[in-house]
Amino acid sequence: MTKQPGSSAAADPDQPVPGTDEAAAESDRPALADDEAAEEFQRPAVAADRRTPTGGPALAPGAPVLALLALGWLTAMLWSTREAISSAAAGITAISLSAFALPGVISAALVAGAAFALFGVDLLARRGSDRVTLRFVAAIGTGLLVGLAAAFAINLTYADNATTNVIAGTTAAAAIIGAAVAGARSAPVVGAVVAAALGTLVFVVAFSRARDPLFDLFGAGDTQESLLNAAKWVSRTESLLAGLVAGLLAFAYLTWARRRAARQEAAAPAPRWPAYLLAGAGPGLLLLLAEVVLRIGGRSLLDLAGALSEADAVAQTSLGTSRVDNAIWVLFVGALTAMIAFGRTLGPAETDDDQEPAETSVGR
């Protein structure tokens with residue numbers, strides 16, 4: 001039927017055709033449904049972002065235990081040094097023994113200062129204070145308390161002489177310098193360095209019981225040349241094993257910290273390979289730092305011990321070179337061990353061939 005002039009159909013030319021609005025509404029509904037689905041898909045992501053830590057510092061697990069163990073080790077080193085000096089029959093022997101024992105005391109003070117400062121900044125981070133300046137000031141303050149306590153104990157229990165003042169001063173300085181290390185923002189890495197360094201120091205002392213059998217194993221005889229060669233190989237064996245211990249302990253601690261953080265927060269970032277590299281090399285770096293503190297703060301005691309005789313001068317020079325070589329070995333072997341251990345935990349990387357079936361299924 002055609003539209004005639006004057007009819008109702010002709011008077012309302014813009015009248016919609018029946019069914020057109022319903023079809024347009026039906027066509028718009030999928031778009032609205034898609035928008036609602038997109039909003040629903042984004043809501044979990046927003047919630048996950050709200051649960052994710054907003055850049056706060058990671059915590060070091062077991063910090064109180066590390067602090068107590070480090071304090072116990074420092075106490076043991078100070079007590080053994082006091083017993084060795086007190087048992088000396090003459091003042092000259094006491095000076096030589098003090099110079100011999102001072103490196104161990106400085107290393108223990110570095111680790112104790114770092115461990116207690118780590119515990120302090122960990123408590124600070126749990127209360128929500130994550131400012132770098134505040135963490136560093138708290139770490140230095142904690143190390144200062146540890147250093148002053150150690151120096152007071154030395155002056156109170158040791159004999160009152162020049163060597164006692166040198167030991168007390170260098171011990172306090174080492175504790176403060178070690179505490180400054182704990183002011184770093186990456187607390188798990190610092191905890192791994194402290195744990196690995198403490199284990200390395202304990203291993204070195206325990207290894208001293210195996211030196212005599214190793215001397216015989218490496219052919220130490222009656223000649224001076226054979227004794228020097230055997231001593232060289234014993235020192236290298238000790239450094240190699242100490243580096244292995246340092247690297248394995250650093251890897252174990254960081255793995256424990258990563259798993260604990262993942263249980264508390266699924267979206268917590270995992271440490272990457274530079275963290276394992278630094279943690280494995282940390283004990284060697286602390287040993288080198290201890291040598292620097294020794295040669296600056298304990299210079300007067302070393303010079304006094306070296307001036308006793310020509311043999312003592314040669315011995316002090318040889319011991320200093322051996323300590324530096326040992327620290328370098330521990331540094332590189334520890335870093336390499338931690339990196340190899342971390343690399344074995346990595347799975348194979350995804351290739352393009354592995355991703356093609358997933359993309360094909362999505363396209364279908």
Please find the pair of heavy atoms, one from Ala192 and one from Ala279, that lie closest to each other, and give the distance. CB-CB, 3.8 Å
Kindly give the heavy-atom pair with the smallest separation between Ala187 and Arg135, and that separation in Å. CB-NH2, 4.4 Å
On the 0 to 90° scale, with breaks at 30° and 60°, tag the Tyr276-Phe342 ring pair as parallel, tilted or perpendicular. parallel
Using atom types as modelled and distance alone, determine if a side-chain donor or acceptor of Ser208 lies under 3.5 Å from a backbone N or O of Val205. yes
Once rounded to the nearest 0.5 Å, what's the spacing between atom CD1 of Ile154 and atom OG1 of Thr170? 7.0 Å
Would you say Phe251 and Trp273 are hydrophobically clustered, going by side-chain heavy atoms of ILVMFWY under 4.5 Å? yes
Closest non-hydrogen atom pair, Val166 against Gly297: CG1-O, 4.0 Å
On the ring face of Trp79, is Arg82 found with NZ or CZ under 6.0 Å from the centre and within 45° of the axis? no
Tyr158 side-chain N/O to Asn165 backbone N/O, donor-acceptor pair under 3.5 Å: no
Do Leu148 and Ile176 sit in the same hydrophobic cluster, where Ile, Leu, Val, Met, Phe, Trp and Tyr count as joined when their side-chain heavy atoms come under 4.5 Å apart? yes
Of all heavy-atom pairs between Ala197 and Val111, which one has the smallest distance, and what is that distance? CB-CG2, 4.0 Å
I need the single residue from Leu217, Leu214, Asn229 that forms a side chain to side chain contact (heavy atoms under 4.5 Å, CB included) with Val234. Which is it? Leu214
Show, in sequence, the C-alpha distance, side-chain angles and deciding distance for Trp256 and Tyr253, and conclude whether the ring-ring contact (aromatic ring centres under 6.0 Å, His included) test is met. CA-CA 5 Å; Trp256 176 40; Tyr253 185 91; 5.8 Å; yes
Is a side-chain N or O of Thr157 found less than 3.5 angstrom from the main chain of Ala153, in a donor-acceptor match? yes
Pairwise distance OG1(Thr200) to CG(Leu248) - rounded to 0.5 angstrom: 10.0 Å
Side-chain contact, heavy-atom cut-off 4.5 Å: Leu287 with Arg323? no
Same apolar cluster: Val105 and Val146, side chain cutoff 4.5 Å: no
Thr337 side chain to Val333 main-chain N or O, any donor-acceptor pair under 3.5 Å? yes
Cluster overlap Ile328 with Leu285, hydrophobic side-chain contacts below 4.5 Å: yes
How many angstroms lie between atom CG of Leu78 and atom OG1 of Thr171, to the nearest 0.5 angstrom? 6.0 Å
Measure across Ser239 and Asn326 and return the closest heavy-atom pair with its distance rounded to 0.1 Å. OG-OD1, 2.7 Å
Indicate the atoms forming the closest heavy-atom contact of Ala196 with Leu249, along with that distance. CA-CB, 3.9 Å
Joint hydrophobic cluster, Val181 plus Ile106, side-chain heavy atoms closer than 4.5 Å: no
Leu241 side, atom CG; Phe203 side, atom CZ - distance, nearest 0.5 Å: 4.5 Å
Could you give the distance from NZ (Lys232) to CG (Asp325), rounded to the nearest 0.5 Å? 11.5 Å
Main-chain N/O of Ala151 paired with Asn155 side-chain donor or acceptor, under 3.5 Å: yes
Is the backbone N or O of Met77 less than 3.5 Å from a side-chain atom of Ser80, with the two atoms forming a donor-acceptor pair by type? yes
Pairwise distance OG(Ser98) to CD1(Ile167) - rounded to 0.5 angstrom: 4.5 Å
A quick test of your reading: do over 12 heavy atoms of other residues, nucleotides or ligands sit less than 6.0 Å from CZ of Phe207? yes
